[in-house]
There are 2 protein chains.
Amino acid sequence: MNLIDKMHRDMAQFSKSERKVAAVILHDPKAAIHKSIAVLAKLANVSEPTVNRFCRRLDTKGYPDFKLLLAQSLAKGTPFVNRHVEQSDSTAEFASKIFESTMAALNITRKHIDLNALEQAIDALSQAPKISFFGFGASASVAHDAQNKFLRFDTPVFFSDDLLMQRMTVTNARKGDVVVCISHTGRTKALCEIAGIARQTQATVLGITAADSPLARECNIVLSTQVPEDTDVYMPMASRIAQLVLIDVLITGYTLRSGPDFRDRLRLVKESLRDSRFSREDAPQNPTDSD
Amino acid sequence: MNLIDKMHRDMAQFSKSERKVAAVILHDPKAAIHKSIAVLAKLANVSEPTVNRFCRRLDTKGYPDFKLLLAQSLAKGTPFVNRHVEQSDSTAEFASKIFESTMAALNITRKHIDLNALEQAIDALSQAPKISFFGFGASASVAHDAQNKFLRFDTPVFFSDDLLMQRMTVTNARKGDVVVCISHTGRTKALCEIAGIARQTQATVLGITAADSPLARECNIVLSTQVPEDTDVYMPMASRIAQLVLIDVLITGYTLRSGPDFRDRLRLVKESLRDSRFSREDAPQNPTDSD
DNA sequence: GCGTTTTTGTAATTTAATTACATTTATTGG
DNA sequence: CCAATAAATGTAATTAAATTACAAAAACGC
């Protein structure tokens, strides 16, 4: 476990002097790893053995070992954090922030993924006679993207951003069909309605949305994208990426479950794209590319 | 820079004894960080000062400092790597692999981003009387997504997946207009053609594509997505995510450059979406959501 | 308030790391 | 091939750092 978290957690159990040591270290852990036990003791106004005892209390072999673990905690600790873009940011700064926020969002989504729901979702998709994708606004393009991916298989796939078309399609869903509803907030009325209609047709409704949202309650299976609320400053960015990667996971599961036969067909579809593009100068044609 | 990589890189310049030290450390770096200088010296069959000198050669303050940096290198080391999905993977396994590969791709793209090109791109977009997005296949949905984002501003934006529409639009481009061409491979013939036409109209052609590709050569500004070739096993996944995040960076830059006035307008657009969704039970309405 | 336990500090000890210097080993010009 | 020189390595001494043992002080219960 992370040493810094541990220090925060055990703070209550520390003695007065130990708390002083912890405070100095936590104030600037990066600097602390370059201090000797004597310097640190002086900064905390305690004796050297107190610092040593403090290290032992945190299950380290001694001060040098403690510094080593602290250094590792710092290096590992929260690799990517969500950082807000500021008006004053340089191009390099806000670019980095956006990349890191996105990576942080993916990391969180990965950690909180409900494997059970994921398996159910892949099962349902694998056996579905028909699959349709719904979403509005930014989620519409996620739905569109999902359709593109599933088009490579021979299961009929539907997507439209037209409300009437959507309602018509979903009304005709049959048992076993999968209706995928995508929404970051899970509070888009039109989409909840679609999900509701789908439920009545006995189709399997799969939500890629916020847990415990109105939409989630309409769904049979929910894959939640637990992206922190404040991730998207001006518009949904990281949350949408998380949705897309979830779709990637779904289609990978679908492909794996379809077995080698289907994967051969997939390769054929890709090879059919060859003529539409320039050949590579330096390397053999790669049939896995597709744009 | 990573100490371990550094050791590998500088191996040739090391002296005989230094190489012995390096070998022992590299053989099991994790164990090395818990050894004293005496133990390490004995293992490498060299004297203690030789180990010390070795540390200094790697620009560390001494042996303890070296161990600290080594520990950090180990903790940090390749946080996310591209790992292939195998037929035998469990759901948890391939899900993790996809998430990590995507994060790895983003990490690489972030590192290799050409800040100069990025600034030029944002400048061009900020001043463009008209912006259009082009892409085929998987990149079409990226282009579509880009259009969605830019629609929130009052600059005219165009996107279509119809080849004729695209050609018509691009033919009418004026100087200052920005034509954004998106392709993972950069070898899609139709897109290169579009880019070529755009160039003749004196519009600024911005490519989000592979460096040194046929498409890249047609562009005025290139933002390259340096995703390893083998990232996308069955279909473009990580590369497309990288493109999307690049779009996010572009629009953020665009928004920042537009100043506070435009950002107010953006908020108004978002607030206009309120009625279309359910209110939050537990928290105030968040005007930044939009799907 | 007194005995007990816990906490903290002082001083001594041990261990580790570094420096200064000597020796060996390679390198080059004649 | 052999000095002369430079580079590399090791030995021993020095210094710095960390730990231990023990004593003093503070906190706690009765």
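Quick note on labels: first sequence line is chain A, next is B, and so on, each numbered from 1.
Computed from coordinates, the B/Leu68 CG to C/dA17 P distance equals 12 Å when rounded to whole Å. We find that CG of B/Leu40 is positioned 13 Å from P of D/dG10, with the value rounded to whole Å. In this structure, CZ of B/Arg19 is placed 12 Å from C1' of D/dA8, rounded to the nearest angstrom. B/Lys42 has its NZ atom 14 Å from the P atom of C/dT15, to the nearest Å. Rounded to an integer number of Å, the gap from NZ of A/Lys16 to C1' of D/dC28 is 13 Å. One can place NZ of B/Lys20 at 12 Å from C1' of D/dA8, the figure rounded to the nearest angstrom.
Residues A/Val21 and A/Glu18 form no side-chain contact, since every pair of their non-hydrogen atoms from C-beta on lies 4.5 Å or further apart. Under the 4.5 Å side-chain criterion, counting only non-hydrogen atoms from C-beta, B/Asp123 is not in contact with B/Gln120.
The shortest non-hydrogen separation linking B/Leu246 to B/Ser224 is CD1-O, 4.4 Å. Contact record, A/Pro214 with A/Gly186: CD-O, 3.3 Å, taken as the closest heavy-atom pair.
Dashed line: the shortest gap from a side-chain N or O of A/Thr50 to OP1 or OP2 of C/dG9 is under 4.0 Å. Phosphate contact (OP1/OP2 of D/dA7, side-chain N/O of B/Ser15, threshold under 4.0 Å): absent.
For A/Phe54, the ring-ring contact (aromatic ring centres under 6.0 Å, His included) partners are A/Phe14, A/Phe66, not counting sequence neighbours.
Applying the side-chain hydrogen bond (donor to acceptor under 3.5 Å, both in side chains) test between B/Lys149 and each of B/Thr252, B/Asp248, B/Thr255 identifies B/Asp248 as the sole match.
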Protein-nucleotides 18-21 of chain D N/O pairs under 3.5 Å:
from, atom 1, to, atom 2, distance (Å)
D/dA18, OP2, A/Ile37, N, 2.6
D/dT19, OP1, A/Tyr63, N, 3.4
D/dT19, OP2, A/Asn52, ND2, 2.1
D/dT19, OP2, A/Tyr63, N, 3.0
D/dT19, O5', A/Asn52, ND2, 3.1
D/dT20, OP2, A/Arg56, NH1, 2.8
D/dT20, OP2, A/Arg56, NH2, 2.7

